[in-house]
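Order of appearance sets the numbers: ligands from 1, and atoms from 1 within every ligand. The first residue in the sequence is number 1, and the count goes up from there.
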Amino acid sequence: MNHPVVSVARRGDLAVVTIDSPPVNALSVNVRKGLLTAFNGLVGDAGVAGVVLACAGRTFVAGSDIAEFDSPVFDESDLNDVCAAIESLGKPVVCALHGTTLGGGLELAMACHYRVAAPNTRLGLPEVTLGLLPGAGGTQRLPRLIGVADALEIILSGSPVSADKAQRLGLVDAIVDGDVLDQALHFTRALIARQAPCRKTSEIAIAPDGGLTTLFAGARQGLAKKSRGAFAPAKIVDCVEAAVNLPFAEGLAVERRMFVECMHSPQSAALRHAFFAERETGKIPGLDKNLALPAIGRVGIVGAGTMGGGIAMNFLNAGIPVVLLEVAADALARGLANIRKHYEATASKGRMTLEEVDQRMALCRGSLDYADFGDCDLVIEAVFENMDIKKAVLARLGEVCRPGAIIATNTSSLDVDELALASGRPADVVGMHFFSPANVMRLLEVVRGRETAPAVLAAVLALARKIRKVAVVSGVCFGFIGNRMLEGYLRESEFLLMEGATPSQIDRVLESFGMAMGPCRMMDMAGIDVGAKVLGERAKEGTLPADPSYRMPCRTLAELGRHGQKTGAGYYRYDGRTPVHDPEVDRIMAELASRFGIARRQEISDEEIFERCFYPLVNEGARILEEGIAYRAGDIDIVWLNGYGFPSVKGGPMHAADVIGLPRVVARLGHYAEQCKDRHDYWRAADLLSRLAAGGHRFADA
Ligand code: 3H9
């Protein structure tokens with residue numbers, strides 16, 4: 001027989017209602033039904049003097065079941081009815097919290113009359129991160145419990161707070177050591193003994209305070225700057241304002257109306273897609289979940305430059321000792337000093353203590369000798385992006401690393417299989433492509449070589465989780481998933497420049513779509529010389545298209561010493577950090593156009609700029625999928641959302657293409673093939689894309 005997801009047990013004159021719905025006790029329709037049945041059954045039970053609501057497993061309820069939004073079961077057994085049944089039970093209901101009490105879970109807890117929590121509990125309303133707002137009384141009960149300003153901050157940020165902070169705010173009544181259920185029972189008995197009232201959160205009055213008008217106006221102003229076109233945040237402010245101005249039941253109705261609007265919004269669909277896609281990335285077809293994984297207790301890094309140092313910090317932050325190697329003593333000293341400087345800057349902002357700075361630095365051992373990698377379980381090379389140099393490093397690592405140790409390359413584009421062979425032990429080799437700044441960016445592309453051992457892949461994925469990266473597995477190809485797709489995007493933005501668009505027009509169009517930075521600003525920031533160097537390497541290898549005008553703006557600017565922000569000029573001229581239009585760039589582009597017979601136009605529409613940059617990106621994504629370089633379209637989305645500043649509310653390029661409709665994508669590729677006289681096959685739709693479009697399918701179905 002199936003285990004019930006909600007059960008009721010007696011402990012003397014107390015009832016314990018337990019939710020047991022792994023993995024995170026989400027409030028699926030069955031849980032909601034179970035709770036309604038349980039609490040309705042307790043109303044008339046004269047033998048029950050009080051109730052404890054608790055959860056089995058690793059956490060209290062982590063929210064409503066996200067998979068049920070927009071589905072017919074969403075309306076069955078409304079969570080608001082569950083909350084009302086608890087609040088009006090007529091005998092004290094105490095919630096026993098542990099783990100992550102989030103979203104609908106916290107709303108359930110706030111409908112209880114009292115809350116006790118284990119010390120490690122985290123409490124929050126993360127709905128905004130899913131393009132939603134709390135839809136079961138969260139916006140109405142939280143301000144009543146902790147005040148309007150703190151409630152707004154918690155709901156708008158979506159970030160959970162610690163149990164300690166929750167207690168200080170008045171969200172939690174007690175933090176208890178030991179078994180949280182036993183302690184909650186104890187707490188409930190004490191309440192009954194002193195005839196404490198059933199405190200209904202919905203009946204707490206919010207003090208009408210003149211300052212609130214300013215608070216709401218300030219919140220709205222802040223959103224205009226920060227929330228980059230996000231739909232839910234403004235509605236959250238409206239709901240909290242309704243909590244202040246309307247009776248509870250009316251406020252609740254406003255909240256529900258706005259919740260439903262958010263739930264049906266494309267933004268929420270995109271963010272929910274990203275939530276599940278991120279969790280899918282770790283599921284590798286054919287990879288045995290029960291593999292014995294090599295433990296990674298010490299990590300070596302070759303190269304103490306910006307990249308190597310950034311990579312090192314990930315491990316130091318997770319308490320994993322690092323051996324950092326450089327060839328020369330002064331470079332090593334500089335690398336170590338940079339890491340310390342970074343930590344000290346963090347400490348000066350109050351985000352860590354000086355003692356913690358010392359603790360982290362104590363985990364980091366500098367070295368000038370490869371032999372010091374002898375006790376490392378993983379060594380990552382982060383040297384200059386050049387095949388010969390990297391091969392030499394890999395060969396050396398193949399010799400010095402102990403048998404069974406993992407060897408990783410941080411290459412962003414080179415052939416991992418070739419590098420793996422150079423090590424002499426290709427089964428131990430894997431790509432770990434960190435993104436700069438490596439201690440900040442969440443994305444890690446894990447490149448699975450032809451011979452990478454499954455246990456090596458699994459160990460690196462597990463490690464990625466430990467250092468809080470979102471890891472996406474890519475096969476071997478030029479640029480892997482992200483940089484390979486970037487190529488088509490940059491190619492077209494550079495053709496558009498030669499045809500007469502300006503850097504600021506191109507950036508404006510893509511930034512208004514939501515990209516964190518347009519392609520020209522991005523290249524100026526990343527370094528035009530870096531891009532030109534990769535193009536140079538590819539020219540040597542003979543892997544560039546046979547098109548003399550290919551990416552010429554980048555190559556020309558690099559030759560002219562316009563390397564971007566760091567040299568004060570690139571696609572823009574820089575006034576400090578502010579990009580300024582530079583007529584010299586217009587002149588250079590016009591000259592390139594005339595050299596390569598590219599027709600200049602007076603006006604290029606915003607629509608064309610968007611489509612010409614975006615559709616090649618999607619088309620390359622389709623090729624990556626059909627070649628099996630990425631396992632799923634969602635993996636590609638996660639790469640772009642976490643490594644390339646793609647707007648989260650659009651769900652990633654493949655999801656965005658699904659929303660636009662694949663037949664339209666194919667039709668527009670065809671349109672530009674004609675317009676651009678496609679001699680180099682830039683605009684030919686990928687077979688997979690054509691097939692999906694013709695069959696009325698989406699990438700999500702591929
Ligand atoms: C809400 O509550 C709306 C209400 O206001 C109103 C309604 C009217 N639903 O992340 P993990 C799955 S909105 C369904 O790997 P961790 C997840 O997909 C919700 N499934 O573990 C994964 O499945 P699988 C507000 C969920 O330990 C498995 O659980 N709540 C949900 O790293 C393990 O997840 C949130 O936004 C869910 N709510 O992190 C919280 N949550 O194994 C969302 C998880 O098949 N959840 N799953 O891949 C989280 O932030 C993290 O999952 C959590 C655990 C911190 C809980």
Side-chain angles (χ1 to χ4, degrees), residues 5 19 21-32 35 55 57-71 73-84 97-111 120-142 151 154-155 157-161 232 235-236 239-240 252-253 255-265 268-269 271-284 289 442 461-462 464-471 632 634-635 638 648:
V5 289
I19 304 173
S21 182
V24 297
N25 292 311
L27 292 163
S28 62
V29 63
N30 286 337
V31 173
R32 299 195 302 272
L35 286 170
C55 280
R58 61 170 152 140
T59 181
F60 191 76
V61 172
S64 290
D65 187 334
I66 299 168
E68 285 185 358
F69 296 142
D70 268 335
S71 87
V73 294
F74 173 75
D75 287 322
E76 279 180 45
S77 303
D78 189 342
L79 185 55
N80 272 323
D81 295 342
V82 179
C83 291
L97 307 176
H98 73 292
T100 41
T101 298
L102 301 175
L106 183 55
E107 292 175 301
L108 199 63
M110 289 192 289
N120 66 353
T121 313
R122 315 258 316 149
L123 304 91
L125 293 170
E127 284 86 345
V128 71
T129 63
L130 297 167
L132 298 169
L133 51 87
T139 64
Q140 306 302 298
R141 284 193 177 90
L142 192 61
I154 287 180
I155 307 173
S157 75
S159 306
V161 296
K235 304 221 168 285
I236 287 172
C239 287
V240 175
L252 209 57
E255 179 192 84
R256 178 44 65 104
R257 182 166 50 76
M258 294 197 175
F259 176 85
V260 171
E261 276 178 44
C262 288
M263 181 173 74
H264 294 322
S265 70
S268 178
L271 288 159
R272 283 181 273 137
H273 156 77
F275 176 84
F276 287 116
E278 187 174 319
R279 276 142 190 94
E280 283 284 296
T281 55
K283 296 173 189 154
I284 309 305
K289 280 199 198 112
R442 281 188 80 216
L461 291 177
R465 219 171 141 84
K466 223 184 212 168
I467 60 171
R468 297 160 161 265
K469 294 286 174 204
V470 36
R632 292 160 282 252
D635 287 11
I638 294 304
S648 56

Interatomic distance, Leu125 atom CG to Glu107 atom CD [nearest 0.5 angstrom]: 6.0 Å
Test side-chain contact (heavy atoms from CB on, under 4.5 Å) applied to Val82 and Leu108, step by step: CA-CA 8 Å; Val82 179; Leu108 199 63; 3.8 Å; yes
Determine whether the side chain, the backbone, both or neither of Glu280 has a heavy atom under 4.0 Å from any heavy atom of ligand 1. neither
Heavy atoms of other groups near Arg465 CZ, more than 12 under 6.0 Å: no
Can you classify the ring geometry of Phe74 versus Phe69 as parallel (below 30°), tilted (30 to 60°) or perpendicular (above 60°)? perpendicular
Should Leu133 be counted as touching ligand 1, given the test is an N or O pair under 3.5 Å? no
So, does Glu280 use its side chain to make a donor-acceptor pair with the main chain of Gly634 at under 3.5 Å? no
With backbone taken as N, CA, C and O and side chain as the heavy atoms from C-beta onward, which portion of Pro126 lies under 4.0 Å from ligand 1: side chain, backbone, both, or neither? side chain
of all protein heavy atoms, closest to atom 38 (N) of ligand 1 is Ser64 O, 2.9 Å
Only pairs under 3.5 Å count here: list side-chain donor-acceptor contacts from residues 129-140, not counting sequence neighbours, and write none if there are none.
| unit_1 | atom_1 | unit_2 | atom_2 | d |
| --- | --- | --- | --- | --- |
| Thr129 | OG1 | Pro126 | O | 2.6 |
| Thr139 | OG1 | Glu255 | OE2 | 2.5 |
| Gln140 | NE2 | Cys239 | O | 3.0 |

Give a yes or no on whether atom 23 (O) of ligand 1 lies under 4.0 Å from any heavy atom of the protein. no
Looking only at protein heavy atoms, identify the closest one to atom 14 (C) of ligand 1 and say how far it is in Å. Asp65 OD1, 3.3 Å
Could you work out, for atom 36 (O) of ligand 1, the closest of Leu102, Thr59, Leu79, Leu130 by heavy-atom distance? Leu130
Closest heavy-atom approach to atom 9 (N) of ligand 1 among Ile66, Leu27, Thr281 is made by Ile66
Subset of ligand 1 atoms that lie under 4.0 Å from at least one heavy atom of Glu107: 4 (C), 5 (O), 6 (C)
Just let me know how Phe60 lines up against ligand 1, side chain, backbone, both or neither, with a heavy-atom cut-off below 4.0 Å. neither
Could you walk me through whether Cys83 and Arg141 pass side-chain contact (heavy atoms from CB on, under 4.5 Å), step by step? CA-CA 11 Å; Cys83 291; Arg141 284 193 177 90; 4.0 Å; yes
Distance below 4.0 Å between atom 48 (O) of ligand 1 and any protein heavy atom? yes
Would you kindly specify which portion of Val24 sits under 4.0 Å from ligand 1, judged on non-hydrogen atoms: side chain, backbone, both or neither? side chain
If you count the atoms of ligand 1 from 1 in the order shown, which ones are under 4.0 Å from a heavy atom of Gly103? 2 (O), 25 (C)
Arg272 charged N/C atom sitting above Phe276 aromatic ring, 6.0 Å / 45°: no
Is there a donor in the side chain of Thr121 and an acceptor in the side chain of Thr101, or the other way round, less than 3.5 Å apart? no
List the closest protein heavy-atom neighbour of atom 51 (C) of ligand 1: residue, atom name, distance to the nearest 0.1 Å. Arg279 NH2, 3.9 Å
Under 4.0 Å from one or more heavy atoms of Gly63, ligand 1 contributes atoms 2 (O), 30 (N)
Identify which one of Asp81, Val5, Leu27, Leu79 satisfies the side chain to side chain contact (heavy atoms under 4.5 Å, CB included) criterion when paired with Leu35. Leu27
With Lys235 via salt bridge (charged side-chain N to carboxylate O under 4.0 Å, His left out) - residues at least two apart: Glu261
To check your reading of the model: name the closest protein heavy atom to atom 5 (O) of ligand 1, its residue, and the distance in Å. Glu127 OE2, 2.5 Å
Quick one: closest heavy-atom pair of Asn25 and Ile19, and the distance? OD1-O, 3.5 Å
Heavy atoms only, cut-off 4.0 Å: how does Arg465 contact ligand 1, side chain, backbone, both, or neither? side chain
Who gets closest to atom 40 (C) of ligand 1 by heavy atom: Pro23, Ser21, Ala62, Gly137? Ala62
Closer than 4.0 Å to some heavy atom of Pro134 - which atoms of ligand 1 meet that? 5 (O)
At a 4.0 Å threshold, what atoms of ligand 1 neighbour a non-hydrogen atom of Phe276? 18 (O)
Geometry only, no angles: is Thr129 polar-contacting ligand 1 at N/O separations under 3.5 Å? no
So, regarding Arg256 and ligand 1 (criterion: nitrogen or oxygen to nitrogen or oxygen, under 3.5 Å), is there a contact or not? no
Could you work out, for atom 27 (O) of ligand 1, the closest of Met263, Arg58, Arg32, Glu278 by heavy-atom distance? Arg58
Protein residue, atom and distance nearest to atom 45 (O) of ligand 1, heavy-atom basis: Lys283 NZ, 3.4 Å
How about Asp70 and His264: does a side-chain donor come under 3.5 Å of a side-chain acceptor? yes
